[in-house]
Structures are given as structure tokens and as C-alpha cells.
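Okay, structure first, notes after.
In the text below, chain A, chain B and the rest are named by the order of the sequence lines, each starting its count at 1.
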Amino acid sequence: METYDPQAIETRWQKVWEDENAFHTPNAGPGTGNAYFVLEMLPYPSGTLHVGQVRNYTQGDVLTHFHRRHGKRVMRPMGFDSFGLNAENAAIRDGGHPRDIVRENIKKIRAQMKRMGWAIDWEREIASHEPEYYRWTQWLFLQFLKAGQAMRKEAPVKWCPKDQTVLANEQVIDGRCERCGTLVESKMLEQWFFRYTTYADELLDEMDLLESWPERILAAQRNWIGRSEGAELLFRVDELDIDIPVFTTRADTVYGATFFVLAPEHPLVPKLVAATEQEPAVLDYVRRTAAHSFAERENKEKDGVFTGRFAINPANGERIPMWVADYVLMEYGSGAIMAVPAHDDRDFEFAAKYELPVRQVIAPVDGSEPELPYVAKSREAKLVNSEQFTGLPAPEGERQIVEWLGKRGRGRPAISYRLRDWLLSRQRYWGSPIPVVHCGSCGIVPVPEEELPVLLPEIEDYAPKGKSPLESAEDWIRVPCPQCGGEARREADTMDTFVDSSWYFLRYCDPHNDTAPFERSAIDEWCPVDQYIGGIEHAVLHLLYARYFIKVLNDLGIVGFREPFSRLFNHGWVDMGGAKMSKSKGNAISPDDFVREHGADALRLYILFIGPADARVEWQATGLEGMSRFLRRLWRVALEVAAQSPEEGPGELAHKANETIVKVTDDIGRRFAYNTAIAAVMELVNEIARDPSAPGARFAVETAVSLIQPAAPHVAEELWGRLGHERLWEQPWPTADPSLLQRETFELVVQVNGKVRDPLEVPADLPEDELVARAKESPKVQAQLNGGEIRQTIVVPRKLVNLVVN
RNA sequence: GCGGGCGUGGCGGAACUGGCAAACGCGCUGGGUUUAGGUCCCAGUGGGGCUCACGCCCCUUACAGGUUCGAGUCCUGUCGCCCGCACCA
């Protein structure tokens with residue numbers, strides 16, 4: 001018998017699919033129906049693919065085939081997130097232009113993807129570094145600018161001293177740069193921001209529109225947005241005519257405020273201490289704090305310095321000392337707090353260090369004496385030492401105090417968010433230029449849309465210098481102002497690559513459009529994405545940015561929906577040596593050797609079989625052999641069955657095959673349980689192998705081949721041909737024959753006191769009382785009953801009988 | 001501290017709605033085919049006990065309770081692990 005030769009089979013079919021453009025799905029216009037958009041997250045073209053990424057795209061591939069064969073017009077595109085530091089750093093390290101590095105990498109990855117046999121519509125390929133793409137990234141930026149959603153502002157920002165660029169909040173992990181691990185510093189800089197925070201409530205509330213996002217992602221986003229309801233209270237600075245607002249979630253504790261703290265970066269600090277005895281000490285403290293990285297600041301013991309000033313507590317008129325301390329953050333709330341040491345851990349720690357007074361104003365309702373700090377805020381806690389509010393439950397006390405202060409103009413309910421605006425400018429070369437011009441007389445002027453794209457200039461030296469390398473492109477940077485024609489300079493910063501990936505799925509719908517980013521009709525046909533697949537690492541990065549982007553575009557009337565990704569599946573990553581497999585960790589395993597030795601089908605099957613699709617798994621190459629073994633067995637059995645004259649008839653194999661159809665369809669379509677789907681087909685093949693000449697064997701083999709096709713399309717296609725058929729990739733998905741799902745008998749589980757005593761084969765149509773009678777007849781059951789009296793009989797139709805005795 | 005999740009053989013895992021725990025695969029053991037190795041085929045493989053044997057019994061899903069005729073699955077508590085956020089007022 002001819003042996004299974006995966007190399008020959010796979011390259012043959014890959015050529016057929018390529019020649020036929022088999023997986024291109026053209027636009028058919030909106031309302032055509034049946035459109036289904038399968039999308040995996042945009043890959044970053046660093047080097048070559050590893051098996052962890054193979055997992056992502058193989059899962060998407062199974063769904064692509066599955067939905068195609070259910071009659072859907074599936075769009076399954078591919079592209080590359082090709083701007084960014086990775087290519088730029090490689091260029092600095094090894095020489096060469098980032099563009100050439102990216103081009104090389106994309107070429108290699110594309111070849112690997114084709115060799116994996118993934119059903120990708122290559123006619124829609126995009127790459128974010130190409131002018132044809134970033135022209136429209138720039139165009140979208142201008143729409144945001146017009147709408148007031150993009151702006152320049154000075155703010156305390158995170159700065160990576162190694163990459164020499166600012167970072168978005170989301171790119172700082174444990175106080176370190178997400179990319180290089182360097183401790184991140186704080187700088188006060190004027191930068192470009194998207195007004196992310198204006199959409200905080202929509203980003204929270206419209207989570208209801210998401211059909212099946214994993215709870216952990218939603219939780220991470222809720223957590224990241226960090227909405228908290230409280231109040232803003234006004235404290236007057238004694239002897240100065242200045243009011244300073246504070247945000248608090250514990251207005252119920254206002255009578256316990258014994259001191260007041262400002263962040264070192266608070267703009268009023270210099271004014272408070274100007275020309276006072278405390279000025280040198282305070283300014284020195286502010287300077288020393290600025291020199292600390294965020295991580296250092298978080299981990300050190302709290303300290304601070306007295307300003308010499310006092311604030312007036314708006315509730316009781318008390319004079320309380322004002323301090324500057326680094327445990328108060330300028331970025332949150334108003335950058336100043338009322339400190340209530342009796343009921344806040346941090347304030348308590350600070351008060352203990354500087355021997356500041358502690359006054360308890362909340363106590364348990366049961367009258368017990370709590371250990372301080374006592375942070376309870378519930379109906380179990382009541383106010384004490386709080387003048388007319390004493391005795392109220394804490395939540396009610398809060399409400400009344402805010403209302404009372406409000407009437408006197410000293411407070412109001414307020415909401416604060418942890419979310420900060422999205423800092424989008426980067427002082428680096430390899431990104432899309434921000435399409436504006438700085439003019440001495442007109443200020444910031446957008447580049448006219450018809451002049452887009454603003455092309456990246458060619459420069460010699462990409463090395464980061466703390467300001468954008470584009471500054472050195474003198475010819476490029478000097479331009480006449482589009483408004484007044486006077487001398488002006490181009491914006492030299494480039495955009496965060498997350499801007500590129502916030503809209504790429506829209507471009508797939510109309511990838512070659514050169515007069516607009518996309519036709520609205522193309523978007524209406526395909527979007528939102530029906531099934532998005534990607535790793536959890538983008539929980540609060542890409543996934544939140546893209547949601548924001550779409551909401552703005554929807555409000556601008558550019559797209560007709562609120563949420564970009566209807567359904568999201570988070571695949572688990574692949575570990576190697578106990579750590580997540582990645583290029584940067586140096587533990588990446590290339591698929592190439594496995595493809596060469598066992599074939600793409602075996603690797604595809606194995607990566608699906610290795611564990612539940614959403615679980616993290618450890619890479620173990622030994623399991624791959626089992627998949628090769630299975631494919632050889634399938635090959636042998638199929639050829640053997642193909643060679644014999646068909647002996648049809650609904651035997652046991654026909655039942656088994658129909659049950660397998662039901663199981664596999666449900667596993668793939670509803671549960672994303674590719675591992676058990678494959679196990680089910682294996683079971684069927686094992687069953688056929690026991691007697692390939694049994695009745696129904698041919699039907700069973702064809703079913704097995706058809707069901708395994710989304711996971712192992714090459715061998716399935718080859719065997720389908722040898723079984724006398726054609727073009728399996730276009731065949732309708734098999735449906736089960738209900739009459740063959742019915743069996744004449746079933747195995748009745750007979751229990752005594754809940755323990756299985758005798759499984760009995762009985763006719764399917766036996767009435768309940770007959771089932772019980774059969775159960776009682778069983779000698780094994782009789783032995784267990786031991787003549788005892790049956791107190792209760794439980795019958796589960798078509799499953800079991802449970803006899804309960806004393 | 002807050003939030004999300006997990007704990008099943010030597011290993012990866014299955015058991016979806018409470019109904020035969022360990023499907024499927026890896027590994028291992030024995031046997032067959034083969035000049036040999038590999039491939040391939042057959043059988044076995046959670047623990048303990050009884051039996052010459054066919055078989056039969058008991059225990060077992062981190063631990064302790066609970067609900068139920070029946071719990072890996074539901075509830076309470078404990079222990080352990082993973083992930084995200086964290087000086088957010």
C-alpha cells in the first residue's frame with residue numbers, strides 16, 4: 001500500500017488552493033447576507049513564527065473552514081503590524097533600514113503561513129508601515145483632531161530612559177517599560193493624547209453589547225477604567241485666597257480629616273510656599289521626588305514635608321496642616337487629598353511617622369472598639385464625633401454630608417477614573433508621522449487631507465536621542481504653514497503603533513481603496529468582526545483602544561456600530577520551559593522542523609489536541625508523534641476501504657459516524673473544544689480500523705475525513721479524492737441522520753443506593769416500570785438488595801435506575 | 001489588599017445540563033510481524049483486597065463538612081497554585 005507522504009500531499013493541495021484563489025471571498029455588497037468575519041490579532045513581524053503563534057492561527061483556521069462549509073461567506077484576512085520598536089531597534093543594532101528588516105520578516109512569515117496551509121484571503125493583505133495604509137491612519141487622526149478627540153497637553157508622563165521615548169500607561173508593567181524592562185521615570189511633557197477618558201463610561205456600559213467576551217477580559221477592563229464614585233470637596237487655604245479641591249470616596253469621614261496632602265507635582269505647591277521659611281525644604285523635596293522612578297516611589301517608605309500652611313476643613317472649620325508627600329499622585333483625582341488617618345491605611349502610616357493627630361469618626365454599630373485604621377464603609381459602621389451627622393450609618397452619612405456641603409458651595413458628588421488619556425506620540429522613527437505642522441503664528445495646523453500621506457523621511461541615524469530622530473531631517477521638517485504660508489515645522493513625533501492596530505480590521509473590508517480608508521458599504525457588509533481570536537496580553541491594550549476608536553468613529557458617523565468585536569476568544573499561550581513562549585525570551589520553537597518531519601497537518605492537529613483552546617499548555621514535542629500515527633492510521637484505513645467494493649448498510653459504524661457528526665459539530669461550533677473534536681474522530685477511526693469491511697465502513701470513513709478537514713485539510717482533501725469525490729473544502733458540513741442516531745438498545749445503569757451494580761443492555765423503548773423490573777431481576781442487584789425493602793426507586797429515562805434500600 | 005480563574009492517573013487531558021470518573025493521546029509493560037531497529041498490529045496500564053480461575057468487593061477527583069436517591073460537577077470553610085490590577089484617596 002502507498003505510504004502517507006505529507007510533504008507531497010500538502011504542497012500539492014497548497015498549490016491548487018493558491019492557483020484557484022480558493023480562500024478569497026470578494027465583497028458582495030451589504031445585505032447579501034451570510035457574511036462572516038473571522039479575525040486573529042494582527043501579528044507583529046518579528047523574525048519568524050513560533051508554535052505559540054501557530055496555535056492562534058490554527059484555531060482561526062478551523063473556524064474559517066467550519067463556517068465556510070456551513071454556507072457562510074467567510075472573510076479571513078491577514079496582515080502585519082509592521083511599524084514599531086522591534087524593527088527599529090534591530091536596525092540600530094545590526095544596521096540596515098527598518099523597512100528592509102520588516103519586508104524580510106514578512107516574506108518569511110508569509111511563507112510559513114502558506115506552508116501551514118491556512119485558509120487566508122491573501123488578496124486582502126495589509127501592512128501598517130506601507131504609505132497606502134498609514135495614509136489612512138493619518139487621515140483618521142485628523143478626524144479625531146477635528147472632533148477634539150486628539151489634543152496636545154502637558155501632563156506627567158511615563159518616560160523610558162532606555163528606549164528614549166514616552167510610553168502609554170498601558171505599556172508600563174510593574175513600573176517598568178513593557179518592551180525593555182527598564183525602570184520608567186516621570187516627566188512633565190507636552191504630548192499628543194487621545195481623549196480616551198471622555199469615553200470611560202461608554203467603555204464600561206457598552207460591555208453589555210459584547211456577546212461572549214471572556215469574563216477575565218471584561219474584569220481587567222473594568223478594573224483598568226477604575227470608575228469610583230465619591231465627592232469633590234473644597235478646602236480653603238488659610239491666609240491665602242485659594243480653594244483646593246480634593247476627591248474622596250469617603251466623605252463620611254470628613255470630620256476625621258486631621259491633615260491635608262498635596263502631590264509633589266501639584267502646580268499650587270510653589271505658590272503655597274513662596275517667600276516662606278518652608279520654601280527651600282519643600283522645593284528640595286519636590287526635586288528629590290522627581291528624581292525617583294515610579295517603582296522606587298511606590299516601594300519606598302512614605303515621606304513628606306510640612307508646607308507651613310493650613311487648610312480649613314469645610315465641615316467643621318478646623319485648621320489642619322498642609323503637607324507635600326509622594327504617596328499622593330498628581331495623575332489621580334485632583335492631586336490633593338484630605339487625610340483621614342483613623343480610616344485609611346496610608347494616611348495612618350503617614351500620621352504615625354510624623355506624629356500627626358488621629359481622630360476616629362467611624363465606629364462599628366455593635367459598639368465594639370475597632371483597631372485603627374478602621375476602613376469599613378457599610379451599614380455595619382456608623383458615624384461618631386461628626387456633629388449633627390453622628391449616629392448615621394456610614395453610607396447615609398456620606399450622602400447627607402455631601403448634600404450639606406453642596407448647599408454651602410463646598411462640595412459636590414463626583415466620579416473619578418483610574419483611566420488616563422491615551423498618550424499617542426512617540427519620539428521614535430519607525431511609526432506613522434503625526435500629520436500636523438507647528439506654525440509660529442497659526443499654532444497647530446493639520447496637514448490638508450489631500451496632501452496625505454506625510455511620508456516618513458529617509459534619515460541616516462535612527463538612534464533615540466530623547467527627541468524624535470525626525471528632527472534631524474531638516475529638508476523634511478521645514479514646511480510652509482498650510483494656513484498662512486509662513487515658516488513652519490512639521491510635527492516630528494510618530495504615532496504609537498496601537499493607533500495602527502485600532503482600525504486595521506476596517507481596512508480589510510476594502511483594502512485597496514485609494515480614495516478613502518474604506519467604503520462605508522464594505523464596512524457595513526462585514527463588520528463588526530464576528531469572531532475575534534487572540535491572546536490575553538491585549539486585555540487592556542489593543543482591545544480597549546480599538547473599542548474606543550470605534551466609538552469615536554461611530555459618533556463621527558464613519559462607521560455604523562459601537563463595538564468592533566462581537567465575540568472574542570482568548571486562546572491560551574504555549575509555555576516552553578515554564579515561561580510563555582516568545583521571540584524576545586529566546587524560548588521560541590519554530591514550526592519548520594516539525595512541518596518538515598511530520599507535515600503541517602500533524603502539527604496542526606497536535607497544537608489543537610494539546611489541551612483546551614483557552615488554557616495555557618506546555619510544549620512537548622513527543623505528543624506530535626501520536627498525531628503522525630493517527631494520520632497514518634487514517635490513511636491506511638481510508639485506502640483500504642476505498643479499495644473494496646462498497647458494502648453499505650446501516651451497521652454499528654453508521655450509528656457511530658452519526659454520533660461523531662453531532663459531537664464534532666457541537667465541539668467546534670459552540671464549545672471551541674477542538675481537542676475533544678479530534679478525540680471523537682480518533683475514536684471513530686479506531687472503530688473502523690477494528691473491521692474495515694464491516695457494513696457502513698465507507699460512510700464512516702468519509703465522515704471521518706470530512707470532519708477532520710478543518711483541522712487537517714491536506715490529508716482530508718487527498719483522501720476525499722481517493723474516495724472518489726472532489727473539492728472537500730467546498731462541501732457542505734455533514735449533518736446527522738436522526739434515524740441513525742436512534743439505537744434499538746441502550747445500556748441501563750442499575751444502581752443500588754447510588755452505587756453502580758450492573759450495567760444492562762435493554763431495548764430503547766422499554767417503559768419505566770419494565771426498566772425497574774429488569775433492574776430487580778439482575779442477580780448482582782439481588783445480591784446487593786439482600787432481601788431488604790426498597791424504599792425509593794429513581795428512574796432516569798434512557799439512563800439509569802437507582803434502587804434505594806435501608 | 002481588590003478582581004478573575006484553577007486543583008482529576010507517571011504526563012497532557014475527558015466527563016458540557018448532578019447520573020458507569022479517567023474518553024482520546026503520550027509514556028510504560030508484555031506479546032506478534034520484521035534479518036535488526038523503526039513503522040505497524042494485539043493486549044494491559046489509578047490504589048488496595050479476595051479468588052487456581054471466570055470474576056467479585058472496597059477506596060479514589062487538594063482537604064474538611066453540607067445538600068441530594070446520587071456530587072469531580074452544587075453550597076460552606078480550609079489549604080495550595082496561576083493570572084490581572086494595586087500608594088487610585
Could you tell me if the ring centre of A:Tyr196 sits under 6.0 Å from that of A:Trp224? no
Watson-Crick or G-U wobble partner for B:G3, using a 3.5 Å limit on both distances? B:C83
Give me the residues of residues 601-611 of chain A where at least one heavy atom lies under 4.0 Å from an atom of RNA chain B, by number, or none. A:Phe609, A:Ile610
Check for me whether the distance between the ring centres of A:Tyr354 and A:Trp323 falls short of 6.0 Å. yes
Got a donor-acceptor pair under 3.5 Å from the side chain of A:Glu747 to the base of B:C20? yes
Between protein and nucleic acid, restricted to nucleotides 38-40 of chain B and to nitrogen or oxygen atoms under 3.5 Å apart, what atom pairs and distances do you find?
unit_1	atom_1	unit_2	atom_2	d
B:U39	O3'	A:Arg632	NH2	3.3
B:C40	OP1	A:Arg632	NH2	3.1
B:C40	O3'	A:Arg636	NH1	3.4
B:C40	O3'	A:Arg636	NH2	3.4

Is A:Asn686 touching bases, backbone alone, or none of the nucleic acid, heavy atoms closer than 4.0 Å? sugar-phosphate
For B:G9, what is the paired nucleotide under Watson-Crick or G-U wobble rules, both distances under 3.5 Å? none
So what does A:Thr793 touch, heavy atoms closer than 4.0 Å: a base, only the sugar-phosphate, or nothing? nothing
Provide, to the nearest angstrom, the distance between the CG atom belonging to A:Asp614 and the C1' atom belonging to B:C6. 12 Å
Testing B:C87, B:A89, B:G4 for proximity to the side chain of A:Ile337, the answer is B:A89
Expressed in whole Å, how much space separates the P atoms belonging to B:U76 and B:C6? 15 Å
Tell which nucleotide pairs with B:U78, taking only Watson-Crick or G-U wobble pairs whose two distances are both under 3.5 angstrom. B:A62
With a cut-off of less than 4.0 Å, is there a side-chain N or O of A:Arg757 near OP1 or OP2 of B:G70? no
Residue-phosphate contact under 4.0 Å: A:Asn753 side-chain N/O, B:G70 OP1/OP2: no
Any heavy-atom pair between the side chains of A:Phe594 and A:Ser628 that's under 4.5 Å? no
Quiz question: going by heavy-atom distance under 3.5 Å, is there a donor-acceptor pair between the base of B:G19 and the side chain of A:Gln751? yes
Students often mix this up, so state it plainly: with edges at 30° and 60°, are the rings of A:Trp635 and A:Tyr4 parallel, tilted or perpendicular? tilted
Looking for any heavy atom pair under 4.0 Å, which part of the strands does A:Gly333 touch: base, sugar-phosphate only, or nothing? nothing
Check whether any side-chain heavy atom of A:Asp344 sits under 4.5 Å from a side-chain heavy atom of A:Arg250, and report yes or no. no
Taking the same atom, P, in B:G80 and in B:A62, what whole-Å distance lies between them? 16 Å
Whole-Å distance between B:G3 C1' and A:Ile536 CD1? 12 Å
Out of B:A86, B:G84, B:C16, which nucleotide sits closest to the side chain of A:Ala220? B:G84
Does A:Asn570 make a side-chain N or O approach to OP1 or OP2 of B:C83 shorter than 4.0 Å? no
First of A:Leu419 and A:Lys780 reached from the 5' end of RNA chain B, by closest nucleotide: A:Lys780
Scan A:Val328 against the nucleic acid and name what it touches under 4.0 Å (heavy atoms): base, sugar-phosphate only, or nothing. base
If you look at every strand shown and take non-hydrogen atoms under 4.0 Å, does A:Pro612 touch a base, only sugar-phosphate, or nothing? sugar-phosphate
I want to verify a distance call: between B:C82, B:C85, B:A23, whose nearest atom is closest to the A:Ala679 side chain? B:A23
Which label fits A:Tyr545 and A:Trp422: parallel for a plane angle under 30°, tilted from 30 to 60°, or perpendicular past 60°? parallel
Within this structure, what is the CG-to-C1' distance between A:Asp303 and B:C87, rounded to whole angstrom? 12 Å
Whether over 12 other heavy atoms sit under 6.0 Å from A:Glu331 CD: yes
Under 4.0 Å, counting only non-hydrogen atoms across every strand here, what does A:Asn675 touch: a base, just sugar-phosphate, or nothing? sugar-phosphate
Pairing partner (Watson-Crick or G-U wobble, both distances under 3.5 angstrom) of B:A53: none
When all nucleic acid strands are considered with a 4.0 Å heavy-atom cut-off, which category describes A:Val749: base, sugar-phosphate, or nothing? base
B:C26 and B:A36, which share atom name C1', separated by this distance in whole Å: 26 Å
With sequence neighbours excluded, residues passing side-chain contact (heavy atoms from CB on, under 4.5 Å) with A:Ala351: A:Phe259, A:Pro341, A:Leu356, A:Val358
Spacing of the P atoms in B:G47 and B:C11 (rounded, Å): 12 Å
Please classify B:G9 as syn or anti, treating any glycosidic angle within 90° of 0 as syn. syn
No-H, no-angle donor-acceptor pair, A:Asn802 side chain to B:C69 base, under 3.5 Å: yes
Partners of A:Glu301 by side chain to side chain donor-acceptor pair (under 3.5 Å), sequence neighbours excluded? A:Lys353
Side chain of A:Asp666 (C-beta onward), nearest among B:A89, B:C16, B:G19: B:C16
Heavy atoms only, 4.0 Å cut-off, all strands: where does A:Val796 land among base, sugar-phosphate and nothing? base
Within the structure, does a side-chain N or O atom of A:Arg418 lie under 4.0 Å from either OP1 or OP2 of B:A86? yes
Quantified in whole Å, what is the P atom distance between nucleotide B:U61 and nucleotide B:A21? 12 Å
For B:C74 and B:G5, measure between their P atoms and round to the nearest Å. 12 Å
Specify the separation, in whole Å, of atom CD of A:Glu229 and atom P of B:A89. 12 Å
Gap in Å between the two P atoms, one belonging to B:A23 and one to B:G10, rounded: 14 Å
OP1 or OP2 of B:G70 sitting under 4.0 Å from any side-chain N/O of A:Lys755? no
Side-chain N,O (A:Lys663) to OP1/OP2 (B:A14) below 4.0 Å: no
Go ahead and name the base partner of B:G30; Watson-Crick or wobble counts if both distances stay under 3.5 Å, otherwise write none. B:C42
Using a cut-off of less than 4.0 Å, is there contact between a side-chain N or O of A:Arg671 and OP1 or OP2 of B:A15? yes
Test of understanding: with side chain to side chain donor-acceptor pair (under 3.5 Å), list the residues that count as partners of A:Trp573, not counting sequence neighbours. A:Asp575
With a 6.0 Å cut-off on the ring centroids, do A:Phe235 and A:Phe260 count as close? yes
With rounding to the closest Å, how many angstrom separate the P atoms on B:G30 and B:G65? 42 Å
A:Glu683 side-chain proximity, nearest of B:A89, B:A21, B:C24: B:C24
Select from A:Ile217 and A:Gly226 the residue whose nearest nucleotide in RNA chain B is closer to the 5' end of that strand. A:Ile217
Does A:Lys302 make a cation-pi contact with A:Phe350 (under 6.0 Å, within 45 degrees of the axis)? no
May I have the distance from A:Trp635 (atom CH2) to B:C41 (atom C1'), rounded to whole angstrom? 20 Å
Set of salt bridge (Lys or Arg N to Asp or Glu O under 4.0 Å) partners for A:Arg798, sequence neighbours left out: none
Here the pair of heavy atoms bringing A:Ile320 nearest to A:Ala257 is CG2-O, 3.6 Å
